Protein chains: 2
Amino acid sequence: MRTVLIIDDHHLIRTGIKNLLNSFSQELTFLEASTLSQGMDILARESKIDLLLMDLMLPDADDFEGIKSIKKLRPEIALAVVSAHETRDIIRNVIENGADGFIPKTADAEVFKSAVALMLEGEVYLPRSYYQPSDEPEIETASNPIDNLTKRQLDVFKLMCIGYSNKEIGQQLELSESTIKTHISAILRHYRTNSRAKAIVQFQQLHLP
Amino acid sequence: MRTVLIIDDHHLIRTGIKNLLNSFSQELTFLEASTLSQGMDILARESKIDLLLMDLMLPDADDFEGIKSIKKLRPEIALAVVSAHETRDIIRNVIENGADGFIPKTADAEVFKSAVALMLEGEVYLPRSYYQPSDEPEIETASNPIDNLTKRQLDVFKLMCIGYSNKEIGQQLELSESTIKTHISAILRHYRTNSRAKAIVQFQQLHLP
DNA sequence: GAAAATTATGAGGACGGTTTTAATCATCGA
DNA sequence: TCGATGATTAAAACCGTCCTCATAATTTTC
């Protein structure tokens, strides 16, 4: 008997996953949480958990930080993110933060079952779209999301991405507006754009840590 | 025997809904579509459909326009939107565009079942949150999302929200940059802010039509 | 110790946002 | 049908913010 913990704030998703997996194996029991903190409580309390399926964008979570803190608490549990957002950057971040798999919510039943079966065996599952980038074969190599940004640039970037002006960012970080401009220029150059609006839109769905 | 058509691009949601409703009544059969156009095909073909449950933000749909066109084709079918976004403004828009109900994806099983039962009887269901605005009793009245924007303002707003500059919006819509500025000013005034970055961030998660 | 990161400034141009004014068009109620 | 009302388009003037670039001092990191 294996135990699966599902962390998702949507009741429908939780029951959807349960029913789907029940139809594939009677050997599963389920625990459910609708927030990260509920999930952490369960993880601290329940010793026997074999697989954790979690959403990104939980109401109380810092997404990638959530993955990190779970893996810190219980590194032995296989952790898969089940998410509606399946860009390569998000998937890469999910994995780099310690997850063992990524299942798109759009995955059909058979794929979903196989992926879960794999992960229960300690394997890793990533969707085809991660290995086969849609159109061009790797033009990027530099225009990545969070990585390659320095610590300070990330600080600035996060505040920019929640709509702060340069002045506001400067006040928040106790730096001069000039310094913020320097950082913003570096960030935009890094992402190969020259408008903060485009940068925000490009990376807003990542819900940065 | 009643027939329910489910339009949602997430397999998990579709099976979640089916299993949930099956546990409440054996008298239901289901049809499924993952896009609006698939759904429209089924609606044109199948005469006996009693209830339609649809997501907002379908890959090929203009959200509220989708509701309208369905109701135009088959006004007699009860239509409920099942969505993760449950602000009062969205719910109001859903209803004003012809839907008969709105079920939050976060609704728990009992609520979901009762809501569907109600709607199968020709009634209307709206979540409590629509009647009981969370905190303050109507401070707003003006800072709404999509509504109250004129058609043209919406055109401009959408392009702004995907990162376009004023110049680019003007080229896209074949209008002068001056005109775009006029519209942008009106939009920002409407949302009580004075920076496009803040407007983008505030409303990016709505996935506008 | 060299290389990279962080902080900062100033100049200059591009862009964004407000306000005012105004012409045209559609719609709706009286 | 007329007149009011609001939507749409546009321009100009004005100022603030954004963004780049060059430069440079200081600190961190390896």
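Note that these values count all heavy atoms, side chains included, but never hydrogens, waters or copies made by symmetry. Order of the sequence lines fixes the chain letters, A, B, ..., with proteins taken first and strands second; residue numbering starts at 1 for each chain. Small disclaimer: the values here were computed from a predicted structure and weren't measured.
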Engineer: Looking at C:dT7, C:dG16, D:dC19, which one has an atom nearest to any side-chain atom of B:R196?
Structural biologist: C:dG16
Engineer: In this structure, how many angstroms lie between the P atom of C:dG16 and the CG atom of A:N166, rounded?
Structural biologist: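 These atoms are roughly 14 Å apart.
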Engineer: In terms of side-chain heavy atoms of B:L175, which of C:dG17, D:dC19, D:dA10 is nearest?
Structural biologist: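 It is D:dA10.
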Engineer: For B:Y164 and C:dC15, give me the distance from atom OH to atom P, rounded to whole Å.
Structural biologist: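 It is 16 Å, rounded to the nearest whole Å.
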Engineer: Students often get this wrong, so: under 4.0 angstrom with heavy atoms, is A:T182 touching a base, only sugar-phosphate, or nothing?
Structural biologist: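 Since a base atom lies under 4.0 Å of A:T182, the category is base.
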Engineer: Roughly, in whole Å, what's the span from CD in A:Q153 to P in C:dT6?
Structural biologist: 7 Å
Engineer: Output the rounded distance in Å from NZ (A:K198) to P (C:dC15).
Structural biologist: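 Distance check: A:K198 NZ to C:dC15 P gives 10 Å.
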Engineer: From NZ of A:K181 over to P of C:dG13, roughly how many Å is that when rounded to an integer?
Structural biologist: 14 Å
Engineer: Expressed as a whole number of angstroms, how long is the span from A:R152:CZ to C:dT7:C1'?
Structural biologist: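 These atoms are roughly 9 Å apart.
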Engineer: Between B:I67 and B:V81, what is the shortest heavy-atom contact and its length?
Structural biologist: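 Nearest pair, atom of B:I67 first, then B:V81: CD1-CG2, 3.7 Å.
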Engineer: Could you tell me how far apart B:E177 (CD) and D:dT9 (P) are, to the nearest whole angstrom?
Structural biologist: 15 Å
Engineer: On DNA chain D, check which nucleotide each of A:M160 and B:H183 is closest to and give me the residue with the more 5' one.
Structural biologist: B:H183
Engineer: Of all the choices, D:dC19, C:dT19, C:dG16, which nucleotide is nearest to the side chain of B:S185 once you look at every atom?
Structural biologist: C:dT19
Engineer: Consider the side chain of B:N194, meaning its heavy atoms from C-beta on, and name the nucleotide among D:dC18, C:dT18, D:dC19 that approaches it most closely.
Structural biologist: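 Of the options given, the side chain of B:N194 lies nearest C:dT18.
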Engineer: Can we call the ring centroids of B:Y191 and B:F157 under 6.0 Å apart?
Structural biologist: yes
Engineer: Judged by atom type as modelled, is there a donor-acceptor pair below 3.5 Å linking the side chain of A:D55 to the main-chain atoms of A:S83?
Structural biologist: no
Engineer: For D:dT17, does either OP1 or OP2 sit under 4.0 Å from a side-chain N or O belonging to A:S165?
Structural biologist: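 No, because none of the side-chain N or O atoms of A:S165 sits under 4.0 Å from OP1 or OP2 of D:dT17.
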Engineer: One thing to verify: whether B:R14 and B:E32 come together as a salt bridge, which I'm taking to mean a side-chain N less than 4.0 angstrom from a carboxylate O.
Structural biologist: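 Salt bridge flag = yes for B:R14 with B:E32.
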Engineer: Looking only at atom types and distance, does a side-chain atom of A:K71 sit under 3.5 Å from a main-chain N or O of A:I77, one as donor and one as acceptor?
Structural biologist: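 Confirmed, A:K71 side chain pairs with A:I77 backbone.
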Engineer: Compare the minimum distances between each of D:dA10, C:dT18, C:dT6 and the side chain of A:K151, then state the nucleotide with the smallest one.
Structural biologist: C:dT6
Engineer: Looking at every strand, decide which applies to B:S176 at a 4.0 Å heavy-atom threshold: base, sugar-phosphate, or nothing.
Structural biologist: sugar-phosphate
Engineer: What nucleotide, of C:dT18, D:dT17, C:dT7, holds the atom closest to the side chain of A:K167?
Structural biologist: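 Shortest atom-to-atom distance from the side chain points to D:dT17.
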Engineer: Within this structure, what is the CG-to-P distance between A:L188 and C:dC15, rounded to whole angstrom?
Structural biologist: 14 Å
Engineer: Taking the side chain of A:S178 as heavy atoms from C-beta outward, which of C:dA8, C:dG16, C:dT6 is closest to it?
Structural biologist: C:dA8
